[in-house]
Number of protein chains: 2
Amino acid sequence: MTLKTLDNSLEVLKYFNKENPTWGVRELAKEMNISHSIIYRILATFENQGFLIQNPETKKYELGLRFLEYGQMVKDKLNLSDFVLPIMKNLAEAIKESVFLTWLDGTDGVTVEIAESSQTIKFSVSIGTRTPLHIGASCKTIMAFLPEERKKEIVDHGMKRLTPETITDPDEMLADLEKIQQQGWCFTTGEYSHSVFGLGVPLFNSKREVIASLTIAGPIYRKPTEEKLPEMVNVLQYGAMNIQRYFDQYSFKLYHD
Amino acid sequence: MTLKTLDNSLEVLKYFNKENPTWGVRELAKEMNISHSIIYRILATFENQGFLIQNPETKKYELGLRFLEYGQMVKDKLNLSDFVLPIMKNLAEAIKESVFLTWLDGTDGVTVEIAESSQTIKFSVSIGTRTPLHIGASCKTIMAFLPEERKKEIVDHGMKRLTPETITDPDEMLADLEKIQQQGWCFTTGEYSHSVFGLGVPLFNSKREVIASLTIAGPIYRKPTEEKLPEMVNVLQYGAMNIQRYFDQYSFKLYHD
DNA sequence: CTCATATGTCTCTATAATAGAACCGTAATT
DNA sequence: AATTACGGTTCTATTATAGAGACATATGAG
């Protein structure tokens, strides 16, 4: 059904991440338990096309400038900076915490836009960061509004633990999602990282399918008290309403399977 | 030597550009003169891996969020925004024109950072834009400082014309590059686009090989007079000197074949 | 309604590309 | 001098792919 060679090659690409930005041929081959000849051919082909470059001294490979091009095209397509980012910045200023927009992509949430808090201690994450849907406020908010069968798929697929707070039990997760869906927002502490709190609300496309979430996050010692939480939810929902209005107007062009 | 399947697949990916951001299976197959079965398998495989997404209504494919991730990683690696971008912004403010940084990548120049002019009419281009080395001030500046054999390769490979001003004659180009190399800067009008002027100076790695250029560009009606040009060159070279100092300090990690 | 022409997806098999072991030259380390 | 690592190359049995064709579906025309 799919092309095995291409599939394998893209799998190889995925080993180039923030933690391991450069790989030697044999080094990567060992990591993947594949013959180094194969890895060599894959890396060389990517390099020929500018998707990877090889350091002429160390002979190691890293991501090439071609990705700048494609990344920018995706960014332009989303076109969030003109209207959505200002709303997020206002929110970040009002709440004094970082605000970010997370997009649904398969079984992950992807951070597509960020408005950072002006405070020196703040939650900070890169654009393009990918997180499984069962972890953290931004992702669980999205997951809670997915069709039941897709929730089932995710919990059945096995939920990896990131911190002690990560929910990994299927029934516990489904109950949690049920609650999130009913109240319309999700508040978490320490799920994604042990020192971080998050508060998320969902965003929908024109067919009322969830496509994204808007989230506030900050260090756990600044987390809102139980009395303050409703106010924060209110402010966040007001921001989300504005973004939702924009989405509705320009009926968004990003999908999920 | 290289993997044909992967090579072809990456070639397919290159058809997704700003002008044609979405493709149907048969539409793209026709464009590339390839069987639609092949294109279908390639697109489906990319989609499986999140590199493309398919609009469930139109069934057409477009770039997926995976590229946000990779694009951001390349950007982080270049790490220009902390030190180099401020210098560029100062320059742009002083000269009142857009300033951009172009990186050498194979036989192309790639725009990696931009400081836009505050004027309403300004030269504007996206990050990641790719231009053949023989076109425009930013690229010719780089080409002029390449080893002679690489210049030869490029001129012999045939130089595509973008505007009537584009130099396509090999001897004329080599003479032009010789002049640029001697004076240390390159001034062009109407080569990249008929209504644009550009002024570029080169940047080098620790081995004194050219790796990038710093360029000013604006609408042609604001181009500097012959008397004003030396002053503009001075200001640009001063900015380039600061960036060069930064490069030398943090010996840069991007290469070329 | 019927016909014609699109579309994405799937199946089949001859054929061509790939996998993977073994090898080479080089460079660093012992 | 010997060993061990590295990136890159060669070879051929094996396997995945190319490409034609078919299918279901959608669209538009007459």
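Note that the coordinates shown come from a computational prediction; the quantities given were computed from them, not determined experimentally. All values below were derived from every heavy atom in this structure, side-chain atoms included, with hydrogens, water molecules and symmetry-related copies excluded.
Here Gln54(A) does not reach the OP1 or OP2 of dC6(D): none of its side-chain N or O atoms lies under 4.0 Å away. For Tyr61(B), no side-chain nitrogen or oxygen approaches OP1 or OP2 of dT7(C) to under 4.0 Å.
The side chain of Lys4(A) has dT17(D) as its nearest neighbour among dC23(C), dT9(C), dT17(D). Picking from dA18(D), dT9(C), dA19(C) the nucleotide with the shortest atom distance to the side chain of Arg41(A) gives dA19(C). When each of dG8(C), dT17(D), dG8(D) is scored by its nearest atom to the side-chain atoms of Thr5(B), the top-ranked nucleotide is dT17(D). Here the nucleotide nearest the side chain of Ile38(B), chosen from dG8(D), dA18(D), dA16(D), is dA18(D). Closest to the side chain of Leu3(B), out of dT18(C), dA22(D), dC6(D), is dT18(C). Between dC10(C), dT9(D), dT9(C), one nucleotide has an atom nearer to the side chain of Val25(B) than all others, and that is dT9(C). Across dT9(C), dG19(D), dA22(C), the shortest atom-to-atom separation from the side chain of Ser37(A) is found for dA22(C).
Nearest-nucleotide mapping onto DNA chain D: of Lys59(A) and Asn8(B), the residue sitting toward the 5' end is Lys59(A).
Ring geometry for Trp23(B) against Phe16(B) counts as perpendicular: the plane angle is over 60°, on a 0 to 90° scale with 30° as the lower cut.
A centroid separation of less than 6.0 Å is found between the aromatic rings of Phe204(A) and Phe145(A).
Ion pair Arg150(A)/Glu209(A) not flagged as a salt bridge, since none of the NZ, NE, NH1 or NH2 atoms sits closer than 4.0 Å to an Asp/Glu carboxylate oxygen. Between Glu149(B) and Lys152(B) there is no salt bridge, since none of the side-chain N atoms of the basic residue sits less than 4.0 Å from a carboxylate O of the acidic one.
Among the atoms of the strands shown, none is found under 4.0 Å from any heavy atom of Ile34(A).
Put simply, OH on Tyr40(A) is 15 Å from C1' on dC23(C), counting in whole angstrom units.
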